[in-house]
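Inspection log for the structure reproduced underneath, given as structure tokens.
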Amino acid sequence: MAASKPAHMLRDEDLVGTNLEGLKAAPLRARRVTSVYVYEAPVRLWHWTNAGAIVVLAITGFLIGAPPSTLAGEASAHFQMGWIRYLHFAAAWIFAVGFLGRVIWAFFGNIYSRELFYVPVWKLSFWRELWEEVLVYAFVKKYARKFIGHNALAQLTIFLCFTLTGLFMIATGFALYSDGTGIDSWEGRLFGWVMPLLGGNLATHFWHHIGMWVIILFVIIHVYTVTREDISSRQTLISAMINGYRNFRDDSRD
Amino acid sequence: MAALETFYEVMRRQGITRRSFVKYCSLTAAALGLGPEFIPQIAHAMETKPRTPVLWLHGLECTCCSESFIRSAHPLVKDVVLSMISLDYDDTLMASAGHQAEAILDEVMEKYRGNYILAVEGNPPLNEDGMYCIIGGRPFVDQLKRVAKDAKAIISWGSCASYGCVQAAAPNPTAATPVHKVVLDKPIIKVPGCPPIAEVMTGVITYMLTFDRIPELDRQGRPKMFYSQRIHDKCYRRPHFDAGQYVEAFDDEGARKGYCLYKVGCKGPTTYNACSTTRWNDGVSFPIQSGHGCIGCSEDGFWDKGSWYARLKDVSGFGIEASADRIGMTAAGVVGAGLAVHAAISALKRARYKGDDV
């Protein structure tokens, strides 16, 4: 950085005529901020509903695979596994319908609402940005570029670990659900091809389980990176998913 | 060989009264889940249709399918073999042997070209030109292809013929191959199970004879009427599953009380068969009723799908056999530790940040 103050740091005269008039700019570290409306209301609503569904799905899904200890007393007094499975199916419906709604919104929303559903592998700039982002995470480069939507690394990770894995979980999930509703149900007709493809019913359970772990790992990394980026990057992330506005901490060119 | 008699003629010849015959038709309709309006249809079919010749071949197998078949109670297997079908060739049940037996095979194939049903028990091994299974001096795969050529339809008895079963389990040294991968141009009805339930076997045959068509099949080629529901769906221990009451070990209180066997590896939730409704040995019992989990014997590749005493299959290739959960938790631990280190470095870098350089 040059010795002179960056253009976005405000001087005392910049405060004249604002609600901060009369205060000293330097101790306030007052700065000019650019704000962009990135995440529209349906996207935000979907994000948090989806997050809740994933938490419920992971917990109940794990318990279906490894149930809690046996309950004493009459069977008629309990409905533990029944409730666990009920919650899993209810959350799964929310996840699936939400996913469908999110796909539909991609047609109506802004350009950032489409970032989840593709990776621009044909663009040289994508690969360059991906490499830069890797260097930033390896502490080689200090600052990444600014992105209004997702950076290249984030877009790739979300596409693989959320979009594709989520679709896989929906397909395998409905295929497994058709065990109960029957092969002539719409679930059985629509997703009956999944189990033979994956090597049978038990194998489908297995891959559905692996898919859960992929999403759990994604959630861990996602929460870490957005928190870290929110603190130390050149733009806001967490609040952007709450109020929709992404604030940039500097106006410098990349 | 004389012209084939109709079912009715054979039954009358054996001293069965008209009254018993009609009763038999209504029982058959009930066994197939059909309404009373189908009874005249069944009776008419049995009065007019000649008995269908069935050729029953045995490949690489243990004869458990035959053992199961001869214990059918509804209908009695004697009714099936003596009255309903014309079981012209079945080397374990027939009286003749040697050249005489093989001659019958050729005769039936010639006389009823395109009209006989081929039932296959076991499967052909393909390695070493099929030399691992020799019938009448020739590889079984040759016999199978020869008889299949002019068959009307093929019934794959048991998991061997349907999927490969134990002899096709990894590493499958003889390349035992299910029938549908050897015979590609015939309708094949899979009746999996190790063995299949006797009543399911005779039920499939009865249906095919009565209606002169193959039963409705599911995506995998199994008759829907017997394989459209899981053991789990009709299991009498299902209430314990829903309640959350499980056998944790085979000698615990839950085992004595008859709780759900899910945690000790019961494959009922992933197995399509009629055991929990039809049961075995004239409806006496089935594996879960006698306290052992279902091993999923009617599912494709059940020998290779991991332990019969664990819920999910293990994953080899990690040095040890590891479960999906252990892999997932290890990965989560590694990623968590990596992120902790990354966060620490990020914090150190951040501590030197003055807050206004960019």
Side-chain angles (χ1 to χ4, degrees), chain A residues 1 5-6 8-9 29 31 62 65-85 137 139 142-143 179-180 182-184 188 192-193 196 199-207 209-210 212-214 216-217 220-221 224-225 227-228 231-232 234 249-250 252, chain B residues 218-220 224 227-230 232-233 237 239-248 252-254 259-260 262-263 267 269-272 296 299-302 304-306 311-313 315 323-325 327-329 331-332 335-336 338-340 342-343 345-347 349-350 353 355-358:
Chain A
M1 278 293 143
K5 286 193 171 178
H8 65 268
M9 296 309 293
R29 288 184 175 176
R31 56 171 65 200
F62 184 82
S69 294
T70 288
L71 297 171
E74 287 297 318
S76 56
H78 308 289
F79 197 54
Q80 188 192 62
M81 184 52 104
W83 281 116
I84 291 172
R85 293 175 71 241
Y137 273 93
F139 303 108
K142 191 165 183 187
Y143 285 106
D179 273 344
I183 53 171
D184 288 325
W193 52 275
N201 198 315
L202 209 57
T204 310
H205 274 94
F206 173 80
W207 287 111
H209 221 78
I210 292 287
M212 171 189 82
W213 281 108
V214 170
I216 288 176
L217 289 187
I220 294 172
I221 294 171
Y224 170 71
T225 50
T227 311
R228 179 182 181 276
I231 296 168
S232 62
R234 298 160 74 185
R249 300 210 172 90
D250 67 82
S252 315
Chain B
D218 71 0
R219 207 179 288 262
Q220 293 187 43
K224 273 186 179 176
Y227 293 92
S228 62
Q229 280 187 320
R230 296 172 297 170
H232 190 55
D233 294 321
R237 296 193 184 200
H240 291 296
F241 171 82
D242 290 330
Q245 295 180 315
Y246 311 98
V247 174
E248 310 267 356
D252 70 1
E253 186 65 17
Y259 286 172
C260 174
Y262 184 77
K263 277 189 169 181
K267 299 292 180 290
T270 52
T271 303
Y272 285 80
E299 287 296 310
D300 192 359
F302 76 101
D304 293 329
K305 295 281 164 64
R311 171 77 195 115
L312 280 176
K313 71 168 191 166
V315 194
S323 72
D325 280 340
I327 293 171
M329 282 180 192
V335 168
L339 293 187
H342 199 271
I345 300 173
S346 302
K349 295 254 179 190
R350 185 75 185 169
Y353 171 64
D356 56 358
D357 54 346
V358 284

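First the proteins, then the strands, lettered A, B, ... as listed; each starts at 1.
- Rounding to the nearest 0.5 Å gives a distance of 6.5 Å between NE2 of B:H232 and SG of B:C260.
- There is no contact between A:W83 and chain B, counting heavy-atom distances below 4.5 Å.
- Contact of A:L71 with chain B is made through backbone and side chain together, with heavy-atom distances under 4.5 Å.
- Side-chain atoms of B:K263 come within 3.5 Å of backbone N or O of A:P68 as a donor-acceptor pair.
- The parts of A:Y137 that come within reach of chain B are both its backbone and its side chain, each placing non-hydrogen atoms under 4.5 angstrom from that chain.
- In this structure, chain B has heavy atoms under 4.5 Å from both the backbone and the side chain of A:F139.
- When each of B:Q229, B:R219, B:H342 is scored by its heavy-atom pairs under 4.5 Å with chain A, the top score falls to B:H342.
- Aromatic ring centres of B:Y262 and B:H240 lie farther apart than the 6.0 Å criterion allows.
- Only the backbone of A:A72 comes within contact range of chain B, with heavy atoms under 4.5 Å apart.
- Highest contact tally toward chain A, considering only B:G301, B:A331, B:A343, is held by B:A343 [criterion: heavy-atom pairs under 4.5 Å].
- Across A:H205 and A:D179, no two heavy atoms sit closer than the pair CE1-OD2, 4.3 Å.
- For the residue pair A:S69 and B:E248, no side-chain donor N or O sits within less than 3.5 Å of a side-chain acceptor on the partner.
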